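A short write-up of the structure that comes next.
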Number of protein chains: 2
Amino acid sequence: MQSEGLLRVTGDDGERTDAARNRRLLLDAAAEIVASCGPDKLTTDAVARRAGVGKGTVFRRFGSRAGLLHALADEAGRSFQQAFMAGPPPLGPGAAPLERLVAFGEASIGRMLLDGQILRAAEQRGGPDPEHPTQQLVRLHLAMLLRELDVQDPELASYQLAAFLNAGLLLHLQEHRGMSDARLAASWRVLVVALATAETHS
Amino acid sequence: MQSEGLLRVTGDDGERTDAARNRRLLLDAAAEIVASCGPDKLTTDAVARRAGVGKGTVFRRFGSRAGLLHALADEAGRSFQQAFMAGPPPLGPGAAPLERLVAFGEASIGRMLLDGQILRAAEQRGGPDPEHPTQQLVRLHLAMLLRELDVQDPELASYQLAAFLNAGLLLHLQEHRGMSDARLAASWRVLVVALATAETHS
DNA sequence: TCCTCAAGCGGACCACGGTCCGTTTTATTC
DNA sequence: GAATAAAACGGACCGTGGTCCGCTTGAGGA
């Protein structure tokens with residue numbers, strides 16, 4: 001009998017060698033499929049078949065289709081993570097916080113062209129549709145008010161604000177992060193007041 | 001033979017009477033299911049069965065499960081729409097723009113407790129998961145920088161910023177709204193600069 | 001080297017969203 | 001009221017994500 005039932009680990013990080021091998025096979029197969037057909041064509045069946053493993057293995061290793069896409073996106077984005085955590089300024093440490101914030105946003109935006117497809121697919125099939133009539137109504141309303149406040153680019157700013165006023169996010173913050181309505185409202189107020197009082201430098 | 005093949009309309013807004021009846025049956029059935037079991041239990045089969053219609057009818061009327069949920073949420077939110085478009089200040093017209101913006105956010109936040117469940121379900125099954133490790137890393141980074149800038153409630157602010165730096169949204173703006181990287185970056189800069197320079201009133 | 005058993009595996013299976021197409025209903029015209 | 005064609009209907013059907021469970025593998029202990 002075996003003295004310790006908990007630490008059977010031998011692989012890199014607690015993964016059996018065949019498990020590690022299959023993870024790689026799956027990630028490679030997924031990358032190939034995405035490269036040749038786009039992320040939408042990546043079905044769990046297809047990736048399993050291509051990797052030469054059973055479908056169950058996909059879910060054992062990655063939990064879900066989204067998990068697989070996430071792992072893929074993480075591999076691609078590892079250098080980005082390195083860059084903003086330990087790379088050279090202005091993205092990495094060394095520059096002033098505001099510089100770094102600006103750089104971070106710019107880098108994120110630029111990155112989208114690169115592997116945004118995968119990131120979007122990982123975020124979930126479909127996702128909230130910004131062009132749904134109801135959402136448009138909200139944004140139109142926000143944009144109108146922002147315009148009156150002389151905010152720069154009110155249309156885009158309305159997207160930024162609407163992105164926060166989102167049922168999925170708000171409910172998550174309330175339910176899983178225990179944030180009170182008061183706190184959410186206060187933060188919203190800070191945000192819009194900041195936007196409103198920002199000087200409109202061209 | 002009939003002279004005009006285009007205008008067969010007789011119902012309220014171009015809908016045949018049986019179509020209108022079925023729309024109501026479906027909405028009512030959906031509302032009942034949501035009320036008794038929550039939105040997650042609302043399957044297209046179940047709602048069709050409960051309404052006593054075929055499954056195809058669900059899709060003919062609402063296009064998708066999400067469409068049905070949206071219609072449901074819209075019914076519930078109609079009074080809210082009225083309120084911010086034509087109701088009394090500060091939500092409706094009459095108050096200063098900034099007041100209205102603040103009120104709008106507060107109302108949206110408060111509304112979530114009411115029928116946020118439906119709205120979230122309508123937004124799409126799953127949706128982006130804010131607690132995914134990668135997302136957490138991004139938010140931690142943002143929060144750290146925001147803290148250095150003495151922004152109020154940096155944690156929550158990090159959610160606000162991250163909500164915008166989102167592959168689905170960014171890609172949508174680039175692809176379907178034709179917004180350039182430069183424009184997105186400029187708007188991002190305005191946003192973070194505004195937050196950074198807002199005075200920290202307790 | 002063999003034994004043991006947790007970890008891993010595979011693919012049949014299920015549930016659900018969405019499509020398709022032959023049939024039925026509705027409104028209009030005569 | 002009969003004829004007509006567009007619109008709507010229904011439910012069998014399909015693809016895909018995700019689960020389940022009996023079988024296999026691999027690694028440490030003896």
Side-chain angles (χ1 to χ4, degrees), chain A residues 1-26 29-30 33 37 39-70 121-127 129, chain B residues 1-26 29-30 33 37-70 121-127:
Chain A
M1 175 201 270
Q2 154 168 346
S3 52
E4 181 59 16
L6 277 164
L7 263 283
R8 302 299 296 285
V9 181
T10 313
D12 271 330
D13 44 311
E15 213 169 39
R16 237 167 65 171
T17 56
D18 53 346
R21 175 177 48 81
N22 284 338
R23 146 168 287 128
R24 265 262 61 82
L25 284 173
L26 283 167
I33 291 175
C37 316
D40 291 352
K41 290 288 182 189
L42 189 140
T43 69
T44 53
D45 277 306
V47 73
R49 208 169 339 111
R50 178 145 200 158
V53 304
K55 189 176 172 177
T57 303
V58 178
F59 289 89
R60 170 174 299 276
R61 290 272 78 78
F62 298 100
S64 66
R65 190 188 107 103
L68 174 57
L69 265 318
H70 257 300
E123 265 168 12
Q124 216 77 325
R125 204 84 99 159
D129 171 19
Chain B
M1 178 202 264
Q2 148 170 351
S3 52
E4 181 59 17
L6 276 164
L7 264 282
R8 302 300 298 282
V9 181
T10 313
D12 271 330
D13 45 312
E15 214 169 40
R16 239 167 65 170
T17 56
D18 53 345
R21 175 176 47 82
N22 283 340
R23 148 167 284 130
R24 264 263 62 82
L25 284 173
L26 283 166
I33 291 175
C37 316
D40 290 352
K41 290 289 182 187
L42 190 139
T43 69
T44 52
D45 278 305
V47 72
R49 207 170 338 113
R50 178 146 199 156
V53 303
K55 189 176 172 177
T57 304
V58 178
F59 288 88
R60 171 173 299 276
R61 289 274 77 78
F62 298 101
S64 66
R65 190 189 107 104
L68 174 57
L69 264 319
H70 257 302
E123 265 168 12
Q124 216 75 326
R125 205 84 97 158

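This structure is a prediction, so every number in the text was calculated from the model and none was measured. Lettering of chains follows the sequences in order, A, B, ..., and the numbering in each one begins at 1.
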> Within the modelled atom types, does a donor on one side and an acceptor on the other bring the side chain of A/R65 and the base of D/dT16 under 3.5 Å apart?
Replying inline: no

> Within this structure, what is the NZ-to-C1' distance between B/K55 and D/dG11, rounded to whole angstrom?
Replying inline: 9 Å

> Can you tell me how far P of D/dA7 sits from CZ of B/R23, to the nearest Å?
Replying inline: 16 Å

> Are the side chains of A/R23 and A/F62 in touch, meaning some heavy atoms are under 4.5 Å apart?
Replying inline: yes

> Where each residue is assigned the nucleotide of DNA chain C containing its nearest heavy atom, which of B/D18 and B/T43 is assigned the position nearer the 5′ end?
Replying inline: B/T43

> What closest approach, in Å, do A/A48 and A/V58 show between heavy atoms, and which atom pair accounts for it?
Replying inline: CB-CG2, 3.8 Å

> Out of C/dA27, C/dG10, C/dG18, which has the shortest distance to the side chain of A/T57?
Replying inline: C/dG10

> CG of A/D45 versus P of D/dG17: gap in Å, rounded?
Replying inline: 7 Å

> Nearest-Å distance, CG (B/N22) to P (D/dG11)?
Replying inline: 12 Å

>> Need to verify one output field. Residue with the more 5' nearest nucleotide on DNA chain D, A/R60 or A/T44?
In response: A/T44

> With a non-hydrogen cut-off below 4.0 angstrom, is B/R49 in contact with a base, only sugar-phosphate, or nothing?
Replying inline: nothing

> Once you round it to whole Å, what is the distance between P of D/dG26 and CZ of A/R21?
Replying inline: 7 Å

> Rounding to a whole Å, what distance do you find between A/F59:CZ and C/dC13:C1'?
Replying inline: 13 Å

> Could you give the NZ-to-C1' distance, from B/K41 to C/dG17, as a whole number of Å?
Replying inline: 16 Å

>> I'd like to know if B/R16 reaches the base of D/dA7 with its side chain, counting only an N/O donor and acceptor under 3.5 Å.
In response: yes

>> With a 4.0 Å limit, can you tell me whether A/T17 has a side-chain N or O closer than that to the phosphate oxygens OP1/OP2 of D/dA27?
In response: yes

>> Under 4.0 Å, heavy atoms only, any strand: does B/V53 hit a base, just the sugar-phosphate, or nothing?
In response: sugar-phosphate

> To the nearest Å, how far apart are B/F62 CZ and D/dA8 C1'?
Replying inline: 14 Å

>> Using side-chain heavy atoms (C-beta onward) and a distance below 4.5 Å, is B/L42 in contact with B/L68?
In response: yes

>> I'd like to know if the side chain of B/R60 reaches the main chain of B/A19, judged simply by a donor and an acceptor atom lying under 3.5 Å from each other, with no hydrogens or angles considered.
In response: no

